[in-house]
Amino acid sequence: MSNEELIKLIDTWGFTLQTTEEGTEFLTFTVRKEDLHEFCRKLKADPATHFDLLFCVTGMDWGNELGVIYHLASTDLKHEIVVKVMTADRETPELDTVCDIWRTAEFHEMEVFDFFGIRFKGHPNLKRLFLTPDWDGYPLRKDYVDEANMVIK
Amino acid sequence: MGIDEKKRFLDQYQGSGMEYDLPKDFPGKVIPGGNGGNIVVTALDSVINWGRSNSLWPLYFGTSCCAIEMMQTGASKHDFSRFGFEVARPSPRQADLIIIAGTIVNKMAPVLRRLYDQMAEPKYVIAMGACAISGGPFYYNSYSVVKGADHVIPVDVYIPGCPPRPEALLEGLILLQKKIKTEHAKTKVNPIDGFDEGTL
Amino acid sequence: MAEIETENKIKSEEYFVNMGPQHPAAHGVLRLILTIDGETIVNVDPDLGYIHRSIEKMCERDSYQQIVHLTDRMDYLSSHINNEAVCLAVEKGLQLEIPDRVKVIRTILSELTRLASHQLWWGVMGMDVGALTTYFYAFRDREMINDIFEETCGARLTMNYNIPGGLMYDIHPNFVKRVKEFVAHFKTKLPEYDRLLSGNIIFINRTKGVGVLSREDAISFGVSGPVARGSGFASDVRKRHPYSAYDRVSFKEIVMNEGDTLARYKVRILEMWESLSIIEQLIDNIPEGDHLVPTKAVIKLPKGEFYQRVETARGELGVYINSDGNKNPYRVKFRSPGFSNLSALNHVAKGGKIGDLVSIMASFDFVIPDIDR
Amino acid sequence: MMYKIFLPLSITKSIHTWLFDVLPEGVAPYVEMVLIAVAYLLVFAVAGLYLVLLERKVAAWFQLRLGPNRVGPFGLFQTMADALKLVSKEMYGTNRADKFLYNLAPYFPIITALLAMAVLPFSAQFQAFDINIGIFFLLAVSSVGVIGILLGGWASNNKYSLIGAMRSGLQVVSYELSVGLSLLTMVVLTGSLQLSEIIEVQKNGWLIVQGHIPAIIAFVIFMIAGTAETNRAPFDLVEAESELGAGFHTEYSGMKFAYFFLAEFINMFIISAIAVIVFFGGWLSPFGITEEISWFPSVLWFLGKVLIIVFLMMWFRWTFPRLRVDQLLNLEWKYLLPINLFNLVFMAIVVWLGWVITF
């Protein structure tokens, strides 16, 4: 199913989203924070799209807002898209989880929380996976400074 | 961060009196290695040292890529079972040699320290690979790597390389054997006493 | 600590055991907090980060050439394939045209790395299940591949032979002769692997029907590589998105549907045969040409996102580079195969014995720095 | 002095007579017993060390590598160095362990291992105690050894060693059955429990030949159960390297660990010694070829056969993967036990109808 048909089909769902294709090789949708869960559930449930494989979850810090990039693929219909979601609130960033749709998101969202501090509502046990529980600050944010053990070159 | 004077036991450093100078911004404090080696040995000492040096049982401890080269050394081509090292013990109680093969990370440092404390007394440490010596390729820009295993436990032999060849590991093991043969068998200077209390 | 009421009313209690950072079956420093009731496993909760070296943070400060040298410390058993992934991503960003010779040599070396990784996996799987001799047979053959790599790339394990734009230098004159010798030698040794372990009745009892992963769960857990192909999910990147010289090579993608440990074992053994046939098809006709397309000293990728995926020995490694046009990338993310495979471990190991957990972990073939990055 | 050595081993007889006329009546037997005990202890500590070295050399031969050859000529002093290091190692245990039981545990396996030594007939004159319930005593003693492992695993208050100890208790209790039953089948043939009596019966044909088919079945079952008895090879769940780390002796270091380590190898020697005595005619030479030569020490036959069986057990260790706990029990209770019972009845019928091959 080519990108144009995908865009037409997804426009019929009536979400407010921007679709772009330049600067990347995938068809990218930027979704609002509120209807992320609904959008993802429809993407998997709808037999025409049936995105059943979430193969990459990337936490991002675009300077003034934090966000997550989901790379989705459909194993039988052989097409792939990228879903982006952003939140401007940097003190207590909050997104809703997708781990009830794709089971692998459980681990990936723990990783994004560990490095970016984005809390996921509805996640079974959101905890620091890689860093020690008493680690202060979220390392992969752009404004993270740790001169104790980071020798900058 | 003052870097206190670090005495090293290395053959080539013996005569030249070269002082090991660390870069100024070397983070953390380094524990002086070497547990009283290189002294005149009595007859009984030489017998016990012969026993100890010829049966060093390494601990199952490999964190990253250097562990593969350690496994290669254990395999048939560069066989370290000729020296009797192949009895690798999973429990620290029975092992008397830790080969730190790989990077030591901040979260792993207390585990390594506890393993070292659990080992029975005549215990030796080999830092294998650049990561164990000074953090290796992860020295700059990494927030989670301990810059060298001798911040955590005293190290007897350093084997450079990333990863060092199996022959280099064998040479390091033989160097450790030579060092044990010149050691004082009964009274053992434990170089880590006082490190926790900060008096070291 | 949950109280369990066993059928005959004996009050028994679950308790926690640390298959801790230092454990023979952990292949490194993977810590699993097991909740066990007697011998059966109730829950497996991995606690990672014991070898987390913050590679993604370092990539944000390194130039593109420097990133390549970090990737082979991640999954050190398929180090060559990792380097190739980053180089392909950068070449895709710069729209560089790579000569055919580079593509073929890269594919041969990738297949040799996959063989070396599967050999080590086979040796260590035998050791984990209890047969200690397989470890030495596997490493004898792995030494031959190491010699080939040392002669051509200069290093045995973490060889930085790939740079963005091609290969660092051309292959060694007797590279072709050595590879042919190895392929001939290994074709006689691979049936020996089968005789040593595959047919053994105790091994079959230890692995058949143990740790079954259905196809839907495999897809839902985002599992890739031999683990996915063992459960019927054909996820081979070399077939779906061919890169380098994989489009001009004919090889079978081995998919089995049982989804248990024995199926994953068989997938990897048959994959070794496929790798041998790929090498044979390519080794005789390495096209002429130069081994490098010269690039500028300071590589600046245009603004945008680039995603390159590659089939390593453990599964699909994805390199996501988000560049904003200056000399080091804005954000680099490595989609590591081990991390997604690990998310399926709890679902698969639940209800089995401790012995099963060890053979399941051996069949998942984890490399911990690849999980922790 | 040279010709004295070639006399058939009657040295013990000459010491015996010398002791009894020098010392007063009451004291002499005890002094003799102490002398025998010290002699056995020395011989078998050294034999244990060289069994460890044999195991490492055989393992190296199986695994395409050289094995220890740098310490002393051809590596012969390697296990001597290991023993010296273990002796001079610090006795380092956890303070959470139950002090008394933790220290008591290592002595059980080593004592029972050496206890079983006393009954083995190495040659006609070279047997310490020829008690008339020989095999029964051996079985009883070899099942006491597991108490040490259970005690050690539980007392060291460590989760892995607890699991290892429970597995060892489970394993030895169930495989004790098969060892006993397979020996019972052979006793049906010999008619007596006394070890020297059993060897007498085998003067006209080894038991494995006399009892033909049921004896071979009994031998196979005995070897399987014997390997499980010593926690080795396919059944080494007790200190399964990849599952439990160091199993029950995780918290033991230095000489306490050496007792467990040595006891395992001496147990292996005992199991193969029992197999040789019951199935392959102890110190008898095949077809009586060296019976007439008076000066030939028949101990060599005994030791030769024992080393062949020990090599067989080492062969198991380096080729077979490890069984899981439930498979271990299935094998014993569902397969070995029924076969054993059937084999016992079959042997009884064979003996009753007299189909015994005797030369």
Side-chain angles (χ1 to χ4, degrees), chain B residues 44-61 71-97 114-124 166 170 173-174 177 180-181 183-188 190, chain D residues 49 52-53 55-57 59-72 74-94 97 102 156 158 160-161 164 239-258 260-261:
Chain B
L44 179 63
D45 283 349
S46 60
V47 169
I48 292 180
N49 286 346
W50 170 80
R52 279 190 188 150
S53 63
N54 282 325
S55 93
L56 284 164
W57 290 358
L59 177 73
Y60 263 98
F61 187 85
M71 287 158 87
Q72 293 280 17
T73 327
S76 356
K77 188 172 180 193
H78 313 273
D79 182 8
F80 67 12
S81 79
R82 292 169 289 153
F83 304 91
F85 293 139
E86 96 274 21
V87 186
R89 297 307 306 166
S91 135
R93 300 279 189 228
Q94 296 124 23
D96 35 47
L97 161 70
R114 183 183 303 164
L115 279 176
Y116 182 76
D117 294 342
Q118 276 175 351
M119 283 167 69
E121 195 25 58
K123 48 195 173 190
Y124 307 98
L170 280 177
L173 287 164
I174 293 165
Q177 283 188 326
I180 295 171
K181 284 204 169 84
E183 208 182 42
H184 207 290
K186 281 180 289 307
T187 61
K188 214 159 129 35
N190 191 343
Chain D
L49 282 187
V52 171
L53 183 64
E55 166 103 65
R56 281 165 76 168
K57 279 286 190 185
W61 179 57
F62 273 123
Q63 293 166 352
L64 318 165
R65 54 189 172 86
L66 290 178
N69 60 8
R70 286 301 162 91
V71 186
F74 308 108
L76 289 176
F77 294 159
Q78 175 60 52
T79 36
M80 203 72 69
D82 284 352
L84 199 59
K85 180 210 76 174
L86 282 174
V87 164
S88 64
K89 201 105 168 108
E90 181 198 8
M91 292 282 198
Y92 194 79
T94 160
Y102 173 79
S156 50
N158 162 339
Y160 277 122
S161 49
E239 30 106 16
E241 218 102 74
S242 54
E243 283 156 31
L244 302 175
F248 64 93
H249 45 69
T250 314
E251 295 300 336
Y252 284 89
S253 85
M255 214 40 210
K256 283 182 263 189
F257 164 71
F260 281 123
F261 197 67

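All of these numbers come straight from a predicted model, not from anything done at the bench. Just so it is clear: chains get the letters A, B, ... in the order the sequence lines come, proteins before strands, and each one is counted from 1.
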Do you know which of G75(D), S88(D), G245(D) has the most heavy-atom pairs under 4.5 Å to chain B? S88(D)
Pick whichever of V71(D), D82(D), L64(D) has the most heavy-atom pairs under 4.5 Å with chain B. D82(D)
Interatomic spacing from [atom1] in [X] to [atom2] in [Y] - rounded to 0.5 Å:
{"X": "L84(D)", "Y": "R52(B)", "atom1": "CG", "atom2": "CZ", "result": "9.0 Å"}
{"X": "I180(B)", "Y": "K85(D)", "atom1": "CD1", "atom2": "NZ", "result": "10.0 Å"}
{"X": "E121(B)", "Y": "S253(D)", "atom1": "CD", "atom2": "OG", "result": "11.0 Å"}
{"X": "F83(B)", "Y": "N69(D)", "atom1": "CZ", "atom2": "CG", "result": "8.0 Å"}

Locate the shortest heavy-atom distance separating [X] from [Y]; write the atom from each residue and the value.
{"X": "P122(B)", "Y": "E90(D)", "value": "CD-N, 4.3 Å"}
{"X": "Q94(B)", "Y": "T250(D)", "value": "NE2-O, 3.8 Å"}
{"X": "Y252(D)", "Y": "R93(B)", "value": "O-CB, 3.7 Å"}
{"X": "P90(B)", "Y": "A246(D)", "value": "CG-N, 3.9 Å"}

Please state whether the side chain, the backbone, both or neither of [X] comes within less than 4.5 Å of a heavy atom of chain B.
{"X": "E251(D)", "value": "both"}
{"X": "Y160(D)", "value": "neither"}
{"X": "L86(D)", "value": "side chain"}

Which region of F80(B), side chain (C-beta onward) or backbone (N, CA, C, O), has a non-hydrogen atom less than 4.5 Å from a non-hydrogen atom of chain D, or is it both or neither? neither
Heavy-atom contact with chain D under 4.5 Å, split by part of R82(B): both
Could you tell me if the side chain of M80(D) sits less than 4.5 Å from the side chain of N54(B), heavy atoms only? no
Do S76(B) and Q63(D) touch side chain to side chain, with heavy atoms closer than 4.5 Å? no
Geometric cation-pi criterion, K89(D) with W57(B): 6.0 Å, 45°: no
Between Q118(B), E86(B), M119(B), the one whose heavy-atom pairs under 4.5 Å with chain D are most numerous: E86(B)
Leading residue by heavy atom contact count with chain D [cutoff under 4.5 Å; candidates S81(B), S91(B), G84(B)]: S81(B)
